[in-house]
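Here is the naming used below: chain letters follow the sequence lines, and residue numbers restart at 1 for every chain. In this text, all values refer to a predicted model and were calculated from it rather than measured experimentally.
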Amino acid sequence: MPSHTHPARGMRDFLPDDVRRRQYVIDIVRRTYERYGFEPLETPALENIETLTGKYGEEGNRLIFKVLRRGEHEASGETDLALRYDLTVPLARVVAEHRAQLPKFFKRYQIQPVWRADRPARGRFREFFQCDVDAIGSTSPVVEVEMIAAVSEVLQSLGFTGFDVQLNHRELLTAMLNAAGVCADRHTDALVSIDKLDKIGQDGVRAELVARGVGDAAAATCLQAFEDKPTFDRLVSQDERGKKAAENIAAIMALAEATPAKGHINFTPRLARGLSYYTGAIMEISVPDLAGSLGGGGRYDGLIGMFSGENIPACGFSLGLERILVVMTERQMFPADVQASGPDVLVTIFAADSRIESLRLAEDLRAAGFRVEMYPEADKLGKQFKYASARNAALVAILGSDEIVRGEVTIKNMKSGEQSSLPRTAVAEHLRGLRPDLGPRTDLGSRTSDLGSRTSDLDKQ
RNA sequence: GUGGGUGUAGCUCAAAGGUAGAGCACCGGACUGUGGCUCCGGACGCUGCGGGUUCGAGUCCCGUCAUCCACCCCA
C-alpha cells in the first residue's frame with residue numbers, strides 16, 4: 001500500500017467545489033468564444049514525439065513530458081510519444097492533416113489540459129488547462145483584433161476590470177535588435193533579458209545583455225530605445241519589415257477601439273514571449289496581483305508549414321484557466337451559487353417502513369426539475385437535519401407517520417427555519433413558489449456533458 | 001535546474017534534549033419528530049521517511065521525499 005495519497009507532483013484532484021468553480025469559468029469562456037464564431041476542437045493527450053520537439057525552443061523541449069515506448073523497447077528508455085505541451089502545435093498538425101475539410105478561415109477554440117515537466121509554483125502546475133482560440137488562414141489584423149476582443153470579453157464577463165493587454169511584434173524586435181547591432185544568434189537571449197526590464201531595471205538588463213554576449217554599445221542602444229520612443233521608431237524604421245510591423249501594430253490598436261478590448265491595450269516594446277514559433281504580433285494579458293500572465297498568444301505564420309510544407313498564416317491566444325482561478329479565488333469573484341453548492345431538497349427517512357414514500361417524493365421532485373438528495377438511512381431526524389445543514393441543502397422534506405396518515409409533507413426552509421405542512425400533491429408547486437431561485441439548472445448539465453470528455457477518458461485509463 | 005523556509009491529530013498550530021498538547025472539525029449524549037447556540041463526554045498520532053549522535057531525539061546531525069518562497073522559465 002502506498003504510504004501517501006497525494007496526487008503525483010504538480011497534479012491535482014478536483015473536489016466538487018473545485019470542479020464547480022472551474023466549470024463556471026470554462027462555461028463563460030466557451031460561450032464567449034462561441035459567440036465570436038469559434039468552433040470546438042479536441043485533440044489527443046498524446047502526440048508522436050516528433051510532432052512536439054523543436055517547436056517550443058530549447059527550454060520548451062526540456063519540459064515536454066515523454067512517454068516510454070512499450071514492449072521490448074521500454075528498458076532502453078526510448079520514447080516515441082509525449083503529452084501535449086500546448087494546444088497550438090496540435091492545432092497546426094490538425095490543420096495540416098485535415099486542411100481540405102476545414103473552412104478557408106478556420107476559427108477554433110479548444111479547452112483541454114496540457115502537461116509540462118516544470119517545477120510547480122503558485123498558479124503553475126504540471127497538468128493545467130488552457131483555453132485557446134486560434135484563427136487560421138488570414139494575415140489580416142482583424143484576426144488579432146478579434147482574438148484580443150474575445151479574450152477581453154471573457155475577462156470582463158468573469159468580473160475583471162483592471163486587466164492589461166500588452167501588445168508587441170516579433171519583427172519589430174528583430175528590426176530593433178538588428179539596427180542596434182545585436183547579431184542574429186544573440187536575439188533570443190537578448191529578448192529574454194529585455195523582457196525583465198520591469199523586474200531588474202536598466203542596469204540589471206545591461207549586465208545580463210553583456211553577460212550573454214551582446215556588445216556594450218549594442219546593449220546601450222537597446223536600452224535607450226526602450227527609454228525613448230523616437231529612438232525606438234528610428235531603429236525600427238531602418239528596415240522594411242520593421243516598418244511593416246509598426247504599421248501592423250498601429251492597425252491592430254486602431255481597430256481594437258471598436259471592441260471590448262478598448263482601453264485595455266498597451267503597446268509594450270519590451271514584451272518578448274518565450275515560444276519560438278511566433279512570427280508577428282505577440283500579446284500577453286496580465287492583472288496587477290499576479291506575477292505571471294493570465295494568458296498570451298501571437299501570430300505564427302510558419303508553424304503549420306512545418307507540418308504541411310505549405311505556409312498557412314495563423315494567430316492564436318491562450319488563457320490559463322488556473323491562473324484565472326488563482327486570482328478569482330483570492331478576490332472572491334465567484335457568484336454565491338457557485339461557491340456553495342448543495343441539493344435543493346434533502347428528503348429524510350422517518351422510519352424503515354416509510355422509505356418507499358420518501359423515495360416516491362424524491363422522484364416526484366426530481367421530475368419537477370429539483371436537485372434532490374435522499375438521506376439514505378432512517379437515523380433520528382436530528383442527524384438528518386445536521387447532515388442537510390452540512391450539505392448546504394436549501395430545504396428539508398419530512399414524511400413522518402403523521403404526515404403520511406394525512407397525505408401531507410412537511411417542508412422546512414433551512415435558511416429561515418420556517419416550516420409548513422402541505423398536501424403531498426402540492427409540494428412541487430409550493431417549492432417553486434417558495435424558492436423561485438431553485439429548480440432546473442440547465443447550465444450545470446451541459447457543462448459536464450460536453451466538456452472534458454477526453455479528460456474523463458484519460459482518467460479511466 | 002539554483003538558493004532558502006517548513007514538515008507534529010482530518011485542519012490550524014504548541015511542546016526551546018527528559019511522560020506528545022490545544023483550538024476547530026469529527027463521533028456520542030443532554031434533546032427518543034428538527035440543523036446552527038450552549039453544556040458534558042469520546043475517539044484522535046510510527047512527530048513525512050531512512051540513517052546517525054545521545055542514557056534518552058518531535059527537538060541536534062546527514063540523507064531522502066513532500067511542500068512553500070525567491071530565481072530560471074512560463075499559462
Side-chain angles (χ1 to χ4, degrees), chain A residues 2-12 25 29 56-64 84-88 111-132 151 188-189 191-193 195-196 199-200 204 208 271-276 283-287 290-298 316-327 342 346 348-351 354 375 378-404 410-421:
Chain A
S3 57
H4 65 268
T5 52
H6 300 292
R9 176 173 201 179
M11 312 280 171
R12 292 155 302 157
V25 173
V29 170
Y56 303 109
E58 199 180 319
E59 180 74 7
N61 258 358
R62 217 168 51 76
L63 298 178
I64 294 173
R84 63 169 169 248
Y85 179 89
D86 70 357
L87 303 176
T88 308
I111 302 170
Q112 288 194 283
V114 303
W115 292 267
R116 294 183 188 177
D118 212 344
R119 183 164 177 162
R122 174 180 139 93
R124 181 161 75 188
F125 307 92
R126 294 180 133 185
E127 177 182 54
F128 62 98
F129 272 66
Q130 290 193 324
C131 313
D132 276 36
V151 168
T188 307
D189 282 351
L191 290 176
V192 168
S193 300
D195 201 35
K196 286 188 267 184
K199 234 185 271 180
I200 61 177
E208 261 200 39
L271 178 68
R273 293 196 56 77
L275 297 178
S276 58
M283 47 242 184
E284 203 162 281
I285 284 203
S286 55
V287 288
L290 192 75
S293 65
L294 287 185
F317 198 100
S318 176
L319 280 176
L321 178 64
E322 3 289 303
R323 294 280 167 89
I324 291 173
L325 286 164
V326 163
V327 178
L346 182 121
T348 57
I349 294 181
F350 187 71
S354 69
Y375 192 89
D379 279 334
K380 40 185 195 181
L381 278 185
K383 291 188 71 173
Q384 302 195 47
F385 270 91
K386 201 167 180 181
Y387 179 77
S389 192
R391 285 283 292 121
N392 219 348
L395 305 167
V396 171
I398 306 140
L399 288 107
S401 40
D402 301 349
E403 283 89 348
I404 291 173
T410 297
I411 299 293
K412 175 163 180 171
N413 183 322
M414 293 298 280
K415 201 173 244 170
S416 66
E418 296 167 72
Q419 73 177 45
S420 58
S421 298

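- If you check every strand for non-hydrogen atoms under 4.0 Å, A/Ser401 touches a base.
- Among B/C73, B/G35, B/G33, the nucleotide with an atom closest to any side-chain atom of A/Lys196 is B/C73.
- When the side-chain nitrogen and oxygen atoms of A/Arg116 are compared with OP1 and OP2 of B/C73, none of them lie within a distance under 4.0 Å.
- Among the protein residues, A/Ile398 comes within range of the nucleic acid bases, having at least one heavy atom under 4.0 Å from a base atom.
- Using a 30° and 60° split on the angle between ring planes, A/Tyr85 and A/Tyr56 fall in the tilted class, from 30° to 60°.
- A distance of about 50 Å separates the P atoms of B/G36 and B/A75, rounded to the whole Å.
- Distance, A/Tyr387 OH to B/C26 C1': 15 Å, rounded to whole Å.
- For the C1' atoms, the distance from B/C44 to B/G10 is 9 Å, rounded to whole Å.
- In this structure, the CG atom of A/Leu294 is 16 Å from the P atom of B/C74, given to the nearest Å.
- Taking atom C1' in both B/C65 and B/G50, one finds a spacing of 10 Å when rounded to whole Å.
- If you check distances only, the side chain of A/Glu403 does reach the base of B/G33 with a donor-acceptor pair under 3.5 Å.
- Residue A/Lys383 places no side-chain N or O under 4.0 Å from the OP1 or OP2 atom of B/C27.
- At the heavy-atom level, A/Lys386 lies under 4.0 Å from the strands shown only through sugar-phosphate atoms.
- Closest to the A/Gln419 side chain, of the nucleotides B/U34, B/C74, B/C73, is B/U34.
- Distance check on atom P: B/U2 versus B/A16 gives 35 Å, rounded to whole Å.
- At the phosphate of B/G29, OP1 or OP2 sits under 4.0 Å from a side-chain N or O atom of A/Lys380.
- A stacked arrangement is not assigned to A/Phe350 and the six-membered base ring of B/G33, the conditions of a centre distance below 5.5 Å and an interplanar angle below 30° not being jointly met.
- Between the A/Glu127 side chain and the A/Arg12 main chain, no donor and acceptor come within less than 3.5 Å of each other.
- Counting any heavy atom pair closer than 4.0 Å across all strands shown, A/Val192 reaches sugar-phosphate atoms only and no base atom.
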Its dot-bracket string being built from Watson-Crick and G-U pairs below 3.5 Å, with | for another strand and [ ] for crossing, RNA chain B has the pattern (((((((..((((....[..)))).(((((.......))))).....(((((..]....))))))))))))....
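- Rounded to the nearest Å, the gap between the C1' atom of B/A9 and that of B/C26 is 11 Å.
- With both ends at atom C1', the span from B/A20 to B/A57 equals 13 Å, rounded to whole Å.
- When heavy atoms are screened at a 4.0 angstrom cut-off, A/Gly60 is found touching no nucleic acid atom at all.
- For B/C74, the base has no donor-acceptor partner in the side chain of A/Arg119 [N/O atoms by modelled type, under 3.5 angstrom].
- The residue A/Asp402 sits close to a base: some heavy atom pair falls under 4.0 Å.
- Taking the P atoms as reference points, B/U19 lies 32 Å from B/U64, given to the whole Å.
- Contact record, A/Ala388 with A/Met414: CB-CE, 4.1 Å, taken as the closest heavy-atom pair.
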In a table with atom names and distances, give each donor-acceptor pair under 3.5 Å that connects a side chain of residues 393-404 of chain A to protein atoms at least two apart or in another chain.
from: A/Glu403; atom 1: OE1; to: A/Gly400; atom 2: N; distance (Å): 3.0
from: A/Glu403; atom 1: OE2; to: A/Thr410; atom 2: OG1; distance (Å): 2.6

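- No donor-acceptor pair closer than 3.5 Å links the side chain of A/Glu322 to the backbone N or O of A/Arg124.
- A/Arg116 contributes no side-chain N or O that, together with a main-chain N or O of A/Arg126, makes up a donor-acceptor pair within less than 3.5 Å.
- Rounded to a whole angstrom, the distance from the C1' atom of B/G42 to that of B/C46 is 23 Å.
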